[in-house]
S.K.: 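Okay, handing you the structure first.
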Amino acid sequence: MQRTYIKDLKSHVDNEVLIKAWISVRRDQGKMFFFDFRDATGTVQGVVLPGSNAGEISNSLRTEWVVSVKGKVNKRPERNIKEGVLNGDIELEILEIEVLNKAETPVFDIGADTREINEETRLENRYLDLRSDRLQKNLRMRHKVSNFVRSKLDEQNFVEVETPIFTKSTPEGARDYVVPSRIYPGKFYALPQSPQQYKQLLMSGGIERYYQFARCMRDEDLRGDRQPEFTQLDMEMSFATEEEIMSVTENLLIEVVTKLYPEKKIQQIPFPRIPYKEAMEKYGNDRPDIRENKEDENLLAFCWVVDFPFFEKTSTSDNPQAEGEWTFTHNPFSLSKEEFVENLKERKNIGDIIAAQYDIVLNGYEIGGGSVRAHDPEILKNILGILGHSEEKIQSNFGHMLKALGSGTPPHGGIAWGFDRLMMILQNEPNIREVIAFPKTREGRDPMMDSPSEISGAQMDELSIKILKKDK
Ligand code: ASP
């Protein structure tokens with residue numbers, strides 16, 4: 001007999017079916033047993049009637065055991081119908097039960113809200129946590145959103161291209177995670193903080209419209225909505241203006257919400273645009289929460305923040321008042337707004353230069369950002385010069401970018417969405433760990449796999465690595 005998914009049982013009334021499922025609940029009522037069975041598609045109530053062959057085995061069954069059940073789908077009597085619940089109007093009359101696997105008693109109740117449970121315990125037993133209704137929904141909606149985005153971008157001639165994980169440090173402003181090379185002792189790969197250089201090199205490579213659900217790794221101090229690795233929806237477009245890139249993003253976000261979250265309301269379309277200066281003056285930050293009603297969890301207030309300064313002065317550590325060197329506010333590969341290109345070329349009035357940079361903000365969270373890029377190698381060289389790189393450093397660190405830009409690279413620009421953050425907000429979750437299958441703890445550990453962990457002496461020798469004991 002073929003397996004029937006629990007969501008499809010209602011079309012098998014009066015027929016015999018076979019389901020494969022977990023036992024969510026078992027109730028022993030003396031003469032009868034009631035079960036709630038759960039598979040990836042839903043839940044159904046089963047009943048073992050007095051005198052049934054399944055009576056004996058039902059005694060030994062426990063929650064979270066995995067079973068194969070033969071039964072007959074019956075309509076429930078009118079008085080037992082549960083309105084608005086999947087399979088609320090049917091019941092499975094159990095004829096036979098086979099145990100496919102037993103289960104230890106779960107360390108926490110996965111039928112309850114697992115957000116209440118100690119984080120360490122949850123993450124150590126993440127496979128159990130993932131069985132909970134909420135995490136099931138989060139992961140399935142995450143899949144639906146990424147699937148939808150893929151199909152929409154495909155319709156618009158975007159091509160998904162994978163870029164390397166073993167790469168060289170990209171200057172995104174965070175610390176790199178590094179991987180030692182065995183073949184080249186003393187040398188390291190860096191894990192990408194984003195595919196920034198590769199996506200631009202794909203524009204040099206004639207791809208024209210690129211996207212990727214890309215893993216990014218940044219060794220930063222962890223916060224509620226940060227993880228050492230996270231996912232970006234990364235995009236780049238050749239021949240596109242700032243307006244076009246913003247409109248692709250805006251339309252896609254609107255479509256995601258209207259198609260997959262019809263219960264949610266977007267506060268304002270087109271998304272309002274707030275200059276950086278105004279955001280700082282009015283809201284005190286560059287990711288303003290402009291919701292008219294913060295009580296309504298279905299209100300989505302998107303806005304763009306634009307007109308960012310390209311450069312800012314770093315403060316020197318021993319004297320924060322003293323003016324330091326110039327650093328970039330977002331991305332060293334950006335272009336300025338057109339009217340400031342001369343300033344870049346002549347390296348003058350640097351503090352006044354406004355970048356062709358746009359951030360997308362949702363309910364007070366920055367959920368994405370991007371820019372039009374400098375496609376003229378001379379301009380990029382000037383930017384890197386302003387940032388204090390010597391001619392020699394520019395050649396050794398960015399020579400490949402300058403060469404590629406000089407090889408016939410079209411004007412281009414792009415954006416990256418913080419996909420975890422977007423999903424967190426859409427799913428009404430308080431932090432991104434709830435929408436990631438296997439996140440790290442707040443302290444950057446994985447208690448289930450026990451990582452990070454030590455490696456053997458032999459592995460270290462092979463990598464020519466020695467650990468210096470640090471006095472703390
Ligand atoms: N690479 C940038 C980031 O990760 C996004 C972009 O400019 O496209 O923030």
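Read the numbers this way: they start at 1 and go in the same order the structure lists the ligands and their atoms.
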S.K.: So which pairs with a foot in residues 424-445 pass ring pair (Phe, Tyr, Trp, His ring centres under 6.0 Å), sequence neighbours left out?
M.R.: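 Listed once each, the pairs would be none.
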S.K.: Determine whether more than 12 heavy atoms belonging to other residues, nucleotides or ligands lie under 6.0 Å from atom CH2 of W22.
M.R.: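 No, the 6.0 Å shell around CH2 holds no more than 12 heavy atoms from other groups.
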S.K.: Could you note down all residue pairs passing side chain to side chain donor-acceptor pair (under 3.5 Å) where residues 114-125 supplies at least one of them, sequence neighbours left out?
M.R.: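 Qualifying pairs: D113-R115, T114-D129, T114-R134, R115-E429, N118-T121, E119-R433, E120-R445, R122-D129, R122-E434.
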S.K.: Would you please name every residue forming a side chain to side chain contact (heavy atoms under 4.5 Å, CB included) with Y189, sequence neighbours left out?
M.R.: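 Residues passing side chain to side chain contact (heavy atoms under 4.5 Å, CB included) with Y189: F166, V179, S181.
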S.K.: To the nearest 0.5 Å, tell me how far S247 OG sits from F271 CZ.
M.R.: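 Interatomic distance, S247 OG to F271 CZ, rounded to 0.5 Å: 11.0 Å.
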S.K.: Check for me whether the distance between the ring centres of F213 and F419 falls short of 6.0 Å.
M.R.: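 Judged by ring-centre distance (under 6.0 Å), F213 and F419 do meet the cut-off.
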S.K.: Heavy atoms under 4.0 Å from ligand 1: which residues qualify?
M.R.: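 For ligand 1, the residues that come within the 4.0 Å heavy-atom cutoff are E172, S194, Q196, K199, R218, Q232, N331, G369, G370, R373, I415, A416.
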